[in-house]
Amino acid sequence: MFVVKRLGRNGLWSAVSLIDKNGSFRGEAKFETRKEAEEYLADYLKRMKDRLVVSPEGTGQLKIFKEK
């Protein structure tokens, strides 16, 4: 299982929302393969590029994590 997470202001990583093609919230962004996670991350960045702000502390960073 691969999860797309964002570094928050509190220094903790939390899963980003999974938004389908219709713009509906579908829970956390969890995927069976790394390729699916990478594709979603690219799409997420396109959708959120104006909203995502990376601060000097690094908050706002996005990563893919492998979880069990």
Side-chain angles (χ1 to χ4, degrees):
M1 181 76 50
F2 295 90
V3 183
V4 179
K5 294 187 177 184
R6 180 178 180 188
L7 182 61
R9 290 184 181 136
N10 58 2
L12 299 176
W13 290 93
S14 59
V16 299
S17 299
L18 178 62
I19 303 167
D20 67 14
K21 299 289 183 193
N22 298 322
S24 299
F25 171 71
R26 298 288 179 206
E28 295 180 335
K30 294 183 179 182
F31 303 92
E32 292 294 322
T33 67
R34 177 172 281 284
K35 184 177 183 209
E36 289 174 317
E38 289 170 351
E39 289 170 357
Y40 181 75
L41 178 56
D43 185 51
Y44 184 84
L45 287 170
K46 285 180 197 173
R47 289 181 180 205
M48 304 302 252
K49 70 179 178 180
D50 294 333
R51 295 182 190 177
L52 290 176
V53 177
V54 177
S55 71
E57 300 85 38
T59 57
Q61 293 180 2
L62 296 161
K63 281 188 184 179
I64 297 172
F65 289 82
K66 183 174 183 178
E67 296 187 352
K68 295 182 181 182

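For clarity, every value in this text was computed on a predicted model and none was experimentally measured.
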#### Entry: Shortest non-hydrogen separation from G23 to R47 and the atoms involved
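Scanning both residues completely, I find the closest heavy atoms to be CA-NH1, 4.5 Å.
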
### Message
Looking at every heavy atom in both Y40 and S17, which two are closest together, and how far apart are they?
### Response
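Smallest heavy-atom distance, with atoms named: OH-O, 2.6 Å.
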
### Task
Check the pair K46 / Y44 against side-chain contact (heavy atoms from CB on, under 4.5 Å), numbers first and verdict last.
CA-CA 5 Å; K46 285 180 197 173; Y44 184 84; over 6 Å; no

Gap separating the [atom1] atom of [X] from the [atom2] atom of [Y], nearest 0.5 angstrom:
{"X": "R34", "Y": "E39", "atom1": "CZ", "atom2": "CD", "value": "13.0 Å"}
{"X": "K5", "Y": "L12", "atom1": "NZ", "atom2": "CG", "value": "10.0 Å"}
{"X": "L41", "Y": "K63", "atom1": "CG", "atom2": "NZ", "value": "12.0 Å"}

### Query
Heavy-atom count around E67 CD within 6.0 Å, excluding the residue itself: above 12?
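Buried by this count: over 12 neighbours within 6.0 Å.
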
### Query
Mind checking whether F2 and K35 have side chains closer than 4.5 Å, heavy atoms only?
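F2 vs K35: side chains apart.
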
### Query
Are M1 and K30 side-chain neighbours, meaning at least one heavy-atom pair lies under 4.5 Å?
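Yes, side chains in contact.
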
### Query
Just by distance, do the side chain of E36 and the backbone of T33 share a donor-acceptor pair under 3.5 Å?
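Checking the backbone N and O of T33 against the side chain of E36, a donor-acceptor pair under 3.5 Å is found.
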
### Query
Just one of L18, V3, I64 clears the side-chain contact (heavy atoms from CB on, under 4.5 Å) bar with F31, so which one?
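The option that passes is L18.
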
